[in-house]
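Each remark here refers to the structure printed beneath this line.
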4 protein chains.
Amino acid sequence: MKTETAPPFVESHSPRATGRPRDEGVHRAILDAAYAILVEVGLKHFSIDAVAAKANVARTTIYRRWPDKMQLMNESFLRAFEPTLEFSSTHSPRDDFRALVISLARTLNGPNGRIAASVVAQAQSDPKTQEMFLKNFSEPLRKHSTALLQAGIDKKEFREDLNIARILDAAVGAVYFRLLFGQSTGPAWAHQLVDTLLEGCYRKDGQ
Amino acid sequence: MKTETAPPFVESHSPRATGRPRDEGVHRAILDAAYAILVEVGLKHFSIDAVAAKANVARTTIYRRWPDKMQLMNESFLRAFEPTLEFSSTHSPRDDFRALVISLARTLNGPNGRIAASVVAQAQSDPKTQEMFLKNFSEPLRKHSTALLQAGIDKKEFREDLNIARILDAAVGAVYFRLLFGQSTGPAWAHQLVDTLLEGCYRKDGQ
Amino acid sequence: MKTETAPPFVESHSPRATGRPRDEGVHRAILDAAYAILVEVGLKHFSIDAVAAKANVARTTIYRRWPDKMQLMNESFLRAFEPTLEFSSTHSPRDDFRALVISLARTLNGPNGRIAASVVAQAQSDPKTQEMFLKNFSEPLRKHSTALLQAGIDKKEFREDLNIARILDAAVGAVYFRLLFGQSTGPAWAHQLVDTLLEGCYRKDGQ
Amino acid sequence: MKTETAPPFVESHSPRATGRPRDEGVHRAILDAAYAILVEVGLKHFSIDAVAAKANVARTTIYRRWPDKMQLMNESFLRAFEPTLEFSSTHSPRDDFRALVISLARTLNGPNGRIAASVVAQAQSDPKTQEMFLKNFSEPLRKHSTALLQAGIDKKEFREDLNIARILDAAVGAVYFRLLFGQSTGPAWAHQLVDTLLEGCYRKDGQ
DNA sequence: CCCTAACCGAGACGGTACGTCCCGTCTTTTT
DNA sequence: AAAAAGACGGGACGTACCGTCTCGGTTAGGG
């Protein structure tokens, strides 16, 4: 009877067994170009031709790595937001939550905001983009936030019956809505938002 | 250089005295077709050709009335949401607010939600669409909601220092975020959302 | 008194009932450009892009009129050879035949020869081209030649059992073979060819 | 005393003394694949990729041996027609000539005909192919045929002033023309052709 | 018996051209 | 004038091959 447990963390995609290896610089150049175009001239002028020209790369080279425009944009988005996912954890749940929301708001207030908005727009006509956004970006953040708020409950700081999911819907939704309609999500605004939301989180008794 | 853009809502003074008058039925047929296409096959396949074909109308006829694709979509959106703007007012501010949010959530949960999502997507590369959405749709709703919540404060039902604007950011943002990412905004969810938000609105004393 | 005879040669395809009529100058410009490219730089560099550029026309305009490269080339060929189909008829069958072969040889010896060679090449991977060549170019010429040689038989100038089809195979084949392999088909050569072929056509008796 | 066995002039046809020798089987596999593709799916789908796939060989391996597509096709053609060049010689010039033409017609009537037609097509945009065809295929056959007809003259079987070159132009041209336009060159047809041509070759006196 | 140069597979890369889909403008006839 | 029909210039799409260029892994012969 072979239990035959597969090795726990094997990367199944054997990276490169044969053939000329891909030029990593090209990869970077393309993503950089894609990022720059999205930020500078926007979604409407984001075309494979434009990216290829800006990256000094043949159009075919792009198609060799990404099946279409949308996938390229998705990866461009992911790369732009990868370093963003550093969550700081302190003692205080409310401070952590505040920091998290403000961090999100600040990020989306900068150039990366244009990328995120483009991705959201694209997601309206591309299920893959939608899925990517949720799975690779939204859910991790949500998972972390949930834990954070739960800690607040455990510490008796927040109400026991707090509906964590809705608080997060509200916080994240508010930030995105303003992003999508050209309204800044600066620190002052973000502070107000968090304060307002936290107000409903505390315990009614002696606080 | 004929700009020739007829205003969406005809002013009372008729500028032309001669020539064949515009067929009003054609106007409706086009908007109906635009609506149907957006709802049925989505933003990606929304093209002037498709609308013209579905409306049994020549492409020229569309361009005579709308300067481009985007304006047509905008008007299609406005028409779809015009009858939605019925606000019911009862005695209780909290019930009114609840009703309002649930009404918005329900509307966006139906076929009209696809239109709204398309408009939001388009707004990312078209300032005019953004402006239209804010001015003709978002602001009226916001104005009404603000009054509603203010009434709650005046009635001493809500905290005096309630940040109305942020509560609305949160409520509206949450609904749109879920709309944009394919998550339903059904009544149960909407109820939870409102309950959670209201929790932070009440006065701390005996309520 | 109007006898009202229907026009003898009505084109059944109602040419253009509605819509903006096609610009005939564009048609000419495209065919001219196609012709020039085939003659000057040859089949290998004959591309839709090149033709469009030379004709100062959008690529799409070409595709609106011809389904693909090959059909364009075919029409270019037909137009180049249309004025060639003037057959002169004198009293003497042998002179007529001689004139015909020499005429064909001379035509193919000039710039039009490059077009014809390109068409023959293309016919090897496109049945439509093959059919077009045979039906619109080869057969008319063959039909006329057959009549011509038959007249020679009727006049007792040629042998009664003359195999007209084979004589034509030989004459036409010889000209094309030389065309296809870069050997000139000048008048001297053509004369020799015809003389040689005619030698087998005469009656054996006192002639 | 130096033995100095260094070869005075290096033979050009032994370029490498070291390294892994080329696999002869690969050479055959490639040419077989090229032949098969040309015969089965035609010139249009004859691509290096297709040949490589069919031969189970890397594209590089092909390019190491042939500079480009055209040269590969040329060699494929030559190999296909190499064994064809067996000329049978009997006593009778007219029979030999007849046999020769029929043999050519029969060969081109079979699968090899597709190769030959492809080569002729390619020759229209590649001088090297043209030269190859003439030098390696056409001329040897022509040289042999010329000798054969000359023998007929010498034997007083054919006319003294017979224009051998034109007779050959006619015979070969006729066969190729039919090949290039999808008309069979079967034995019956070939017989008729030869008979017709021979008719003009005989002496006028008592034969 | 190992060294080494060439072979072989695989595939990246810069390119060219293809044929398609829309865009928004224009030109013409019919109503 | 409006309306239908469709030509036109143009931009971008994604695909198919071209011929060149690295790679890692394999074979023989020559030292």
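Remember, predicted model here, so these are calculated numbers, not experimental data. Numbered from 1 within each chain, the chains take letters A, B, ... in sequence-line order.
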Any pair with a residue in residues 119-131 of chain D that passes side-chain hydrogen bond (donor to acceptor under 3.5 Å, both in side chains), sequence neighbours left out, goes on the list, sorted by first then second residue, please.
D/Asn74-D/Gln122, D/Asn74-D/Thr129, D/Gln122-D/Thr129, D/Asp126-D/Thr129
With DNA chain E as reference, determine whether C/Met70 or A/Asp23 sits nearer its 5' end, using the nearest nucleotide of each.
A/Asp23
I'd like to check the salt bridge (Lys or Arg N to Asp or Glu O under 4.0 Å) partners of C/Asp68; sequence neighbours left out, ordered by chain and number.
none
Where the side chain of A/Thr61 is defined as all heavy atoms beyond and including C-beta, which of E/dC8, E/dG14, F/dA2 is the nearest nucleotide?
E/dG14
For B/Asn56 and for D/Lys69, locate the closest nucleotide of DNA chain F by heavy-atom distance; then report the residue assigned to the nucleotide nearer the 5' terminus.
B/Asn56
Atom-pair distance (CG on D/Leu72; P on F/dG19), nearest Å:
10 Å
Base contacts versus sugar-phosphate-only contacts with protein, heavy atoms under 4.0 Å: please encode nucleotides 25-31 of chain E as B, S and - from 5' to 3'.
BBBB--B
A/Arg22 CZ to E/dA10 P: how many Å, rounded?
17 Å
Note, A/Trp66 side chain near A/Met73 side chain (heavy atom, < 4.5 Å):
no
Results of salt bridge (Lys or Arg N to Asp or Glu O under 4.0 Å) for C/Arg28 - residues two or more places apart only:
none
Mind checking side-chain contact (heavy atoms from CB on, under 4.5 Å) for B/Pro111 and listing every partner two or more places apart, or none if nothing turns up?
B/Tyr35, B/Val39
Quick one: which residue pairs count as a side-chain hydrogen bond (donor to acceptor under 3.5 Å, both in side chains) with a foot in residues 45-64 of chain C, not counting sequence neighbours?
C/Glu40-C/Lys54
Whole-Å distance, A/Arg65 CZ to E/dA12 P, equals 8 Å
Euclidean distance, atom CG of residue B/Asp49 to atom C1' of E/dC23 [Å, nearest integer]:
8 Å
Selected nucleotide, minimal atom distance to D/Val57 side chain, candidates E/dG9, E/dC18, F/dG14:
E/dG9
Ring pair (Phe, Tyr, Trp, His ring centres under 6.0 Å) filter on B/Phe46, not counting sequence neighbours, yields none
What residues 24-46 of chain A contributes to the DNA chain F interface at heavy-atom separation below 4.0 Å is none
Separation of F/dA5 atom C1' from B/Ile48 atom CD1, nearest Å, is 16 Å
Please state whether the base of F/dA3 and the side chain of B/Arg64 form at least one donor-acceptor pair under 3.5 Å?
yes
Sorted by chain and residue number, the salt bridge (Lys or Arg N to Asp or Glu O under 4.0 Å) partners of C/Arg65 (sequence neighbours excluded) come out as none
Atom CG of A/Asp68 and atom C1' of E/dT20: how far apart are they, to the nearest Å?
16 Å
What is the minimum heavy-atom distance between B/Ala33 and B/Val51, and which atoms define it?
CB-O, 3.7 Å
